[in-house]
Q: 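The structure follows.
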Amino acid sequence: MKKSVFLGTVAAAGLAAVGASAQTLSDVQERGTLNCGVTTGVPGFAEPDADGVWQGFDVAVCRAVAAAVLGDPTAVTFVPTTGKTRFTALASGEIDVLARNTTWTFSRDTDLKFDFTGINYYDGQGFMVPASLGVSSATELDGATICIQTGTTTELNLADYFRVNNMSYEPVPIETGSESVQQYLAGACDVYTTDRSALAAQRAGFANPDDHVILPETISKEPLGPLVRHGDSEWFDIVKWTLNALIAAEEYGVTSENVEEMASAPTDNPEINRLLGTEGELGSMMGLENSWAKNAIAAVGNYGEVFDENIGDDTAIGLARGLNAQYTEGGLLYAPPFR
């Protein structure tokens, strides 16, 4: 099958960037700031607060990496990206890491020459409709107009779902999530489709959330996570193991409140000691201080703290842990050993 012009262009840019990408750590350290690609704004995941300070579940990944590498979680330059611009920004070197509800797929990993450093949210695509439409299932959407972000996996998933169910639809292509929401609320389409987490996040910000229904169907697997360019194994390891550190910290009961105390002297658990740098030399294996993971956890908390603070049950987003619970609690989160 012929490659699209967009994919081919980004792939070429990725290949061109590979040779230069092997210095990301030194570039970030010399620059004194981490350039992190995020969304243009999804409540709970990535958006600036009233003071212009970026907050959210994905933002925490960026701050954790900055804390691990630079010792300062505020040393981050956030670069808003759309579904179309995010891959070009990463391939060109404009950003060092992309932490923007991006699905790990075969072609993005291979053809676009990116490395996904793990999964920080297990998601799936869904549909939101006005309650007044009287629809209770996605199988009732034959002939609907559907707002959808361009340059995303949702476009392909939507086409596949309607084809399999022998239904037709009229796409309303829009570039950003915020614009999609505006058009949906303005009545430009009957349905808005994207990842279910984003639907919940955006609905929470509506004036009347109960006037809108997220339909029960989940039509895809959307493993979301941060990614970096091919060709720099050292930087890949740093971002990957920083995410793993947050996941492992929750498993072992290390929190933003007790991490300093637990790191002040070795504990009875060798795994915790290695994680926090009081035993072994894990940090030096990646060119970092042995306190790298401790710094990341102190800055943003463990995975559970990040989840609960930004998108959990007690927030306006109200997401349950579900698949994003620890493996010991019936979820899929599982950090490899720190040894």
Side-chain angles (χ1 to χ4, degrees), residues 36-64 76-87 89-90 95 97-104 116 119-128 146-155 157-158 173-186 189 191-207 209 212 214 218 220 222-227 243 300 303 306-324:
C36 189
V38 290
T39 71
T40 53
V42 174
F45 283 85
E47 65 176 353
D49 63 16
D51 297 321
V53 179
W54 282 85
Q55 307 286 347
F57 182 78
D58 287 331
V59 166
V61 173
C62 305
R63 296 202 184 281
V76 185
T77 299
F78 291 98
V79 181
T81 63
T82 69
K84 282 187 174 181
T85 64
R86 55 184 166 172
F87 299 132
L90 181 59
I95 57 177
V97 59
L98 180 64
R100 181 204 180 281
N101 62 329
T102 298
T103 303
W104 187 349
F116 283 79
I119 299 169
N120 72 328
Y121 194 91
Y122 290 89
D123 209 347
Q125 185 174 332
F127 300 93
M128 180 163 59
I146 303 180
C147 286
I148 184 169
Q149 276 185 264
T150 57
T152 63
T153 56
T154 42
E155 287 184 292
N157 295 335
L158 181 65
I174 300 168
E175 186 166 345
T176 68
S178 58
E179 186 184 355
S180 296
V181 170
Q182 292 170 6
Q183 292 297 313
Y184 166 74
L185 291 174
C189 53
V191 185
Y192 177 40
T193 184
T194 188
D195 297 339
R196 294 180 67 85
S197 63
L199 292 178
Q202 289 155 341
R203 185 178 67 168
F206 291 176
H212 303 271
I214 298 176
T218 300
S220 69
E222 304 295 329
L224 311 178
L227 55 154
L243 175 58
V300 303
Y303 181 93
V306 173
F307 191 103
D308 291 343
E309 179 181 352
N310 293 287
I311 59 176
D313 282 328
D314 294 330
T315 68
I317 313 303
L319 294 173
R321 287 291 292 267
L323 295 178
N324 297 292

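Hydrogens, waters and symmetry mates play no part in the numbers below; they use all other heavy atoms, side chains included.
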Q: Show your working on side chain to side chain contact (heavy atoms under 4.5 Å, CB included) between Leu227 and Phe87 and close with a plain yes or no.
A: CA-CA 10 Å; Leu227 55 154; Phe87 299 132; 4.3 Å; yes
Q: Using the rule given for side chain to side chain contact (heavy atoms under 4.5 Å, CB included), can you reason through Arg100 versus Asp58, listing the C-alpha separation, both sets of side-chain angles and the distance that settles it, and then say yes or no?
A: CA-CA 6 Å; Arg100 181 204 180 281; Asp58 287 331; 5.5 Å; no
Q: Measuring only between side-chain heavy atoms, which start at C-beta, is Tyr121 closer than 4.5 Å to Leu319?
A: yes
Q: Does a side-chain heavy-atom distance below 4.5 Å link Val97 with Cys36?
A: yes
Q: Among side-chain atoms of His212 and Tyr184, is any donor-acceptor pair under 3.5 angstrom?
A: yes
Q: Could you pull out the closest heavy-atom pair between Pro43 and Ala201, with the gap in Å?
A: O-CB, 3.0 Å
Q: For Asn310 and Phe45, indicate whether the former's side chain and the latter's backbone hold a donor-acceptor pair under 3.5 Å.
A: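 Pair absent, no side-chain N/O of Asn310 close to backbone of Phe45.
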Q: Side chains of Phe57 and Val306, heavy atoms from C-beta outward: is any pair under 4.5 Å?
A: yes
Q: Using a 4.5 Å cut-off on heavy atoms from C-beta on, say whether the side chain of Asp314 contacts that of Asp308.
A: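 They are not in contact (no side-chain heavy atoms under 4.5 Å apart), so the answer is no.
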Q: Do the rings of Phe116 and Trp104 sit parallel, tilted or perpendicular, given the 30° and 60° boundaries?
A: parallel
Q: Are the side chains of Ser197 and Ile311 in contact, using a 4.5 Å heavy-atom criterion?
A: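 Answer no - side chains too far apart.
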Q: Go through Arg321 and Tyr303 one step at a time and tell me if the side chain to side chain contact (heavy atoms under 4.5 Å, CB included) criterion holds.
A: CA-CA 11 Å; Arg321 287 291 292 267; Tyr303 181 93; 3.5 Å; yes
Q: Return yes when atom CG of Asp49 has more than 12 non-hydrogen atoms of other residues, nucleotides or ligands closer than 6.0 Å, and no otherwise.
A: yes
Q: Between Glu222 and Thr153, is there a side-chain donor-acceptor contact under 3.5 Å, judged purely by atom types and distance?
A: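 Present: a donor and an acceptor within the cut-off.
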Q: Check whether any side-chain heavy atom of Leu158 sits under 4.5 Å from a side-chain heavy atom of Phe127, and report yes or no.
A: yes
Q: Work out which heavy atom in Thr218 is nearest to a heavy atom in Gly124; give both atom names and the distance.
A: CG2-CA, 3.6 Å
Q: Can you find a heavy atom in the side chain of Ser180 that is under 4.5 Å from one in the side chain of Thr194?
A: no
Q: With a 4.5 Å cut-off on side-chain heavy atoms, are Thr103 and Pro223 touching?
A: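 Pro223 reaches Thr103 side chain to side chain.
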